[in-house]
Amino acid sequence: MTALTRASGRTELQLAVEAARAALDDAGIDRPDAILSYHLGDSAPVLYVARELRMPEIGWHNEIYGGGTQSASVLADAAMLIDAGLAGNVLVYRALNGRSGKRMNALGLKLGEGTEEQFTHPYGMAGPVHQFALAARRYLHDTGLTEVHTHAVVAQSREHAFRNGRAIRHERLDLDAYLAGPMVAAPLRRLDCCQETDGACALVVTRAERAPDAPRIHAVVRGGGPGASAMDRADDVTRIFSGHLAAPLYEAAGMKPDHIDVALLYDAYGWLVPRQLEDFGLVGRADLAAALGSREIAWNGRVPVNPHGGLLSEGYVHGLNNVAEAVRQLRGTGTNQVPGAGVALCTGFGGSYGSAAILTAP
C-alpha cells in the first residue's frame, strides 16, 4: 500500500505504480504475467501501469468497471487466470484520489443509466449515502438497534485504527462526540460513513506451490438480488449482498460460520457491520445489541471485525485495503493481530449485490 492521505499531491498512476512495485517486491518477482484492476473511471489505466513497470509486452489484462463489489471477487478473476494457465503471477491493484480527486459522495446513483434520477433527486437522493440511509433506518428499526450500537461499531473501528500507523483516523470516539457529529442523511451521521481517501493498494496472486508460505484463496462468490440497490423492486430494502451470498460462500468453502477467525467486512457505513454479522451467521439477530455493546467485535473479542480500522477508520481504497489486512492477519503480521487467525472472511459491498471470499493460512 501507499500512504493513505486526504491530499496525495500525486496522480493515480504514481500511486498505483508505487503500490504495485511494493507488492511485486514482497512477492519476489520482477514483473507480473497479467494485471487486473477495478475502478469507477477514477483510476490509472492498466496499460499505463504496465508501461511504468517497464514490461516489454503484456499478457492478459483487464479493467473491471465497478466499485466495492469487486474487492473480493477480483481475487477469483485472478485465480481463474492462473487455474486456466493464462498467467503464473497476477498483479491486482486499486488506486484513487478519493478525497482530492473524484469523490464517491458526489457520484450519481447510476440507476437506469441516469434516467431514473429525475424521480429520485427531488426527494434528496443525491448519492449513495442518502439511498442506504433509508435501508439503515429500516434495519435499525427491525433489529431494535439504536445510536448506542452504531456508535459501538464506529468507536471500535477508531480503537483499532488508534494503533495502526497507516490509518487516517487515530482519535478515539466517545458516545457524546458521536451524537454531536453532523447528520448527513438520518440515521447516518458523517461519522457513520467511510473515509474519503487518496491512496493505492496492490497484491500478487500466484500458484500455491510457488508460494508455500502465503495465504490461500479458498473460496470466492459473487452475485446478489433485488434489495438495497433497487428499492422499488425489493421485498426487503435492508437485504444487502450478504443475505444472498453467505450460504453459497459457505457451501463453496465447505465451512461453517464458526470456522471464521477474523472478518474483514466492507464497512462503507457503520450499520453494514451488524447486517453482515447477522447474514454470515457470526452473530444472531437477537444477540447483536449485546455483542456490539460488549465490544465482541474487538480484535481480541469473540468475533474480530476489521482489526486495522476498516474503511471507517483506516481509509477507503475501495475495499482492497481490507483484503491486504486479511493477508497480514493470516501471515501473523496484522495490526492488532488476532491470535491464531487461520481463516479470514473478506466482503465486497455494492448494495444488494457484491462478493465475498474466504482466505486461509497455508
Side-chain angles (χ1 to χ4, degrees), residues 67-73 128 132-133 135-136 138-140 142-143 145 149-150 152-154 156-157 160 188 192-194 219-225 227-229 236-250 253 255-292 295-299 301-314 316 318-319 321-323 325-326 329 338 343-359:
T69 67
Q70 304 290 349
S71 61
S73 58
F132 294 121
R138 181 71 197 197
Y139 181 69
L140 297 179
D142 289 349
T143 57
L145 298 177
H149 305 106
T150 54
V153 172
V154 181
Q156 188 58 61
S157 168
H160 285 156
L188 300 182
D192 292 305
C193 302
C194 60
V220 187
V221 295
R222 179 176 176 81
S229 298
D236 179 0
V237 299
T238 76
R239 191 178 185 194
I240 61 172
F241 76 101
S242 46
H244 301 280
L245 297 186
L249 178 66
Y250 286 130
M255 293 183 177
K256 298 179 179 179
D258 58 7
H259 286 107
I260 304 299
D261 297 318
V262 57
L264 285 303
L265 304 181
Y266 198 101
D267 52 339
Y269 311 108
W271 74 276
L272 296 177
V273 169
R275 174 82 263 192
Q276 291 177 74
L277 288 173
E278 177 185 357
D279 288 343
F280 283 106
L282 302 176
V283 180
R285 175 168 288 199
D287 300 321
L288 283 172
L292 296 175
R295 302 293 176 89
E296 292 183 19
I297 61 173
W299 68 275
R302 185 176 67 85
V303 189
V305 173
N306 296 346
H308 59 317
L311 311 183
L312 284 170
S313 297
E314 181 187 64
Y316 184 76
H318 241 152
N321 54 313
N322 281 6
V323 178
E325 180 61 24
Q329 289 288 331
V338 174
V343 180
L345 168 67
C346 299
T347 66
F349 165 79
S352 58
Y353 63 100
S355 59
I358 288 179
L359 309 184

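Take T69 and apply the side-chain contact (heavy atoms from CB on, under 4.5 Å) test, not counting sequence neighbours, and it matches R222, Y353. Taking A136 as the reference, P187, L188, W271 meet the side-chain contact (heavy atoms from CB on, under 4.5 Å) condition, with sequence neighbours excluded. For H149, the side-chain hydrogen bond (donor to acceptor under 3.5 Å, both in side chains) test picks out T146, with sequence neighbours left out. With sequence neighbours left out, the side-chain contact (heavy atoms from CB on, under 4.5 Å) criterion links T347 to F241, L265, Y266, Q276, F280, L345, A356. Remark: E296 engages R302 in a salt bridge (charged side-chain N to carboxylate O under 4.0 Å, His left out) (not counting sequence neighbours). With sequence neighbours left out, I297 forms a side-chain contact (heavy atoms from CB on, under 4.5 Å) with Q156, L277, L292, V305.
To the nearest 0.5 Å, the span separating CD on E278 from CG on D287 amounts to 10.5 Å. Note that the CD atom of E314 and the CG atom of N321 stand 5.0 Å from one another [nearest 0.5 Å]. Between I260 atom CD1 and L249 atom CG the span is 7.0 Å, to the nearest 0.5 Å. A distance of 14.0 Å separates CD in Q70 from CZ in F349, rounded to the nearest 0.5 Å. The CG atom of L140 lies 6.5 Å from the OG1 atom of T150; values are rounded to the nearest 0.5 Å.
Between the side chains of T238 and R275, a donor-acceptor pair is found at a separation under 3.5 Å. Between the side chains of H308 and N322, at least one donor N or O lies within less than 3.5 Å of an accepting N or O.
Minimum interatomic distance between S355 and A72 (heavy atoms only, all atoms of both residues): OG-CB, 3.3 Å. Annotation for V220 and S73: closest pair CG1-CA, 3.8 Å, computed over non-hydrogen atoms. When all heavy atoms of S71 and G348 are compared, the closest pair comes out as OG-CA, 3.5 Å. Closest heavy-atom contact between C346 and A326: SG-CB, 3.5 Å. Across all non-hydrogen atoms, the minimal contact from L282 to A263 is CD1-CB, 4.1 Å.
Within a 6.0 Å radius of CZ in R295, other residues, nucleotides and ligands contribute more than 12 heavy atoms.
A ring-centre distance under 6.0 Å is not found for Y139 and Y269.
Looking at P307 and V262, their side chains come closer than 4.5 Å, going by heavy atoms from C-beta outward. Residues L312 and V153 have side chains in contact (heavy-atom distance under 4.5 Å, counting atoms from C-beta outward). When side chains are defined from C-beta on, V154 does not count as touching S313, because their heavy atoms never get closer than 4.5 Å.
A side-chain donor-acceptor contact under 3.5 Å links H160 to the backbone of W299. Put simply, the side chain of Q329 gets close to the backbone of V338: a donor and an acceptor are under 3.5 Å apart. For the pair H259 (side chain) and K256 (backbone), a donor-acceptor distance under 3.5 Å is present. Between the D261 side chain and the V343 main chain, a donor and an acceptor come within less than 3.5 Å of each other.
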